[in-house]
Amino acid sequence: MDLSIIGSGYVGLVTGACFADVGHNVICVDNDLRKVEALQAGKVPIFEPGLEEVIHRNVSAHRLSFTGSVQEAVNNSQIVFIAVPTPQQPNGDVDLSFIEKVAREIAGVLTDYRVIVDKSTVPVKTGEKVAESIKRYNRHGAKFDVVSNPEFLREGCAIADLMHPDRIVIGAQSEHAIDLMKKVYEPFMAPILVTDINSAELIKHAANSFLALKISYINAVSAICEASGANVEKVADGIGMDRRIGRNFLNAGIGYGGSCFPKDIAAFITISEQLGVPFNLLKEVQQINGAQKERFLKTIRETLWVLREKKIAVWGLTFKPDTDDIRSSVAIDLVADMLREGAQVTAYDPKGMEKAREVKAIAGVKFASSAIEATEGAEALIIATEWTEFANVDLSVIKEKMTTPIIFDGRNMFNPETMGQLGFRYHSIGRSSVTPR
Ligand code: UDX
């Protein structure tokens, strides 16, 4: 099929690449012409495992192209996907101005029937507004249908998530649009759930909120584990073995971050309030998430006593491994907090340092060129993101490099007993701390 995607960010680019990879002809659009030129020259602006190969393969096969022109995209595709950002406004509301602008632009160049699909995460009832807007600016009176088709990919494993989705949600009114959408997804051989537009929009916010709730739940349990001497990993295993609960997303840590969960939970709270049915449970989810970082900092302060002038190594700056994304990363917040208290922080991240260098809140941080180098002379090591690379570091070398071998592991990467045997003072999340044997 001939498809176009407006917005070449994480979701747009990965979706476009995967659609092309299963045989569709795809035009990806962006209003940032520098980005378009870079993509045309074969440069991929984000790090996502496997993405570059998929893009190159499909550009070479002439199934994937890039343009700055919405008109070119709309003219040459049966289905137009919208994948532009929907950022959070200071009051928690979702900023839908990019969606509205794209809807107007599409309407202005619409001459024949098209299906307009919203892939961005939007508040329930946005589809209605998009349809109204297109109708208003539809100069040629062309027929169209609006569809909601939320995207559930995770950064770091976006290609696999897109190629093998748990489900495809299609929210639509028209049978014709549903048939076309089913054809788009036929090659993915995934279960398809067809709903009305409002339900499809709600599914995305409800799914992300539930996942965040699961993380906050285990994080709250981790505090109880620490206070009682239980082990949160074992507790998570024990409850996760119940198939009604499941073990996924029960990893305790320093809290969730990223470009989705914090924004989507805030949005869902605001939406529920605007609809007159406040979803207060989600406020507790947010509160627990913030408290988790504070509890971790408290342990660091209690152990090191004073942070001023302390040399602290930090492993990991991205909000999760296998991405270069540092948006709403708890790791960055932690570094900023410690710098404010006068600590001398040296950080290392396999992919996130380029973007981290531009963050003003952590301007005083030094960057190391390897995980080992970061620990040179350090009085403590903080693990903030669970990159596999860290699991493979020779810990005996780290112990030699550090002035005082103290580790605060915010992602439970290591076994406490082993760490004690290796001579570390080791603090983790929801597990008893160990001192060197
Ligand atoms: C999320 C959703 O998973 C995805 O379906 C949606 O499309 C976009 O938002 P993403 O933000 O890319 O994806 O990453 P995800 O793997 O969900 O992790 C989000 C945050 O939760 C990370 O900071 C991660 O470290 C944290 N997390 C995740 C935990 O702390 N514990 C867990 O068990 C799982």
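Remember, it's a predicted structure, so these values are computed and weren't measured experimentally. Atoms within each ligand, like the ligands themselves, are counted from 1 in listed order.
Heavy atoms of Glu386 come nearer than 4.0 angstrom to ligand 1 in no pair at all. Ligand 1 has no atom lying under 4.0 Å from any heavy atom of Gly253. Residue contacts with ligand 1 include Cys260, since one or more of its heavy atoms lies under 4.0 Å from the ligand. Under the 4.0 angstrom criterion for non-hydrogen atoms, Lys214 is not in contact with ligand 1.
A salt bridge is absent between Asp325 and Lys355; no separation between the charged side-chain nitrogens and carboxylate oxygens falls under 4.0 Å. Of the charged side-chain nitrogens involved, at least one lies within less than 4.0 Å of a carboxylate oxygen, so that Lys298 and Glu302 count as a salt-bridged pair. Ion pairing of Lys311 with Glu379 is absent here, as no side-chain N (NZ or NE/NH1/NH2) approaches a carboxylate O to less than 4.0 Å. Taking the charged nitrogens against the carboxylate oxygens, Glu417 and Arg431 have no contact shorter than 4.0 Å, which rules out a salt bridge.
With Ile79 as the fixed residue, the side-chain contact (heavy atoms from CB on, under 4.5 Å) test singles out one of Lys183, Arg114, Met181: Met181.
Atom NZ of Lys125 has 12 or fewer heavy atoms from other residues, nucleotides or ligands within 6.0 Å. In Lys35, the NZ atom is crowded: over 12 heavy atoms of neighbouring residues, nucleotides or ligands sit closer than 6.0 Å. Heavy atoms of other residues, nucleotides or ligands lying less than 6.0 angstrom from CG of Asp166 number 12 at most.
Aromatic pair Phe19/Phe81: centroids less than 6.0 angstrom apart. Ring centers of Tyr348 and Phe367: at least 6.0 Å apart, outside the cut-off. Close placement of the Trp315 and Phe390 rings is indicated, their centers lying within 6.0 Å of each other.
Those atoms of ligand 1 that come under 4.0 Å of a heavy atom in Glu151, given as number and element, are 7 (O).
In Ile215, the part holding a heavy atom less than 4.0 Å from any atom of ligand 1 is the side chain. For Lys204, every heavy-atom contact with ligand 1 shorter than 4.0 Å involves the side chain, none the backbone. Contact annotation for Leu153 and ligand 1: only backbone heavy atoms (N, CA, C, O) come within less than 4.0 Å of the ligand. The part of Asn208 lying near ligand 1 is the side chain, judged by heavy-atom distances below 4.0 Å.
Considering only non-hydrogen protein atoms, atom 14 (O) of ligand 1 sits nearest to Lys320 NZ, 3.2 Å. Nearest non-hydrogen protein atom to atom 12 (O) of ligand 1 is Glu155 N, 2.7 Å. Atom 1 (C) of ligand 1 has Phe261 CE2, 3.5 Å as its closest protein atom, hydrogens excluded (heavy atom only). Protein heavy atom nearest atom 33 (O) of ligand 1, with residue, atom name and distance: Asn251 N, 2.9 Å. Among protein heavy atoms, atom 25 (O) of ligand 1 sits closest to Arg411 NH1, 3.3 Å. Here the protein heavy atom with the shortest distance to atom 13 (O) of ligand 1 is Arg154 CG, 3.5 Å. The shortest contact between atom 5 (O) of ligand 1 and any protein heavy atom is with Phe152 O, 2.7 Å.
Scanning Phe319, Phe249, Tyr10 for the heavy atom closest to atom 24 (C) of ligand 1 points to Phe319.
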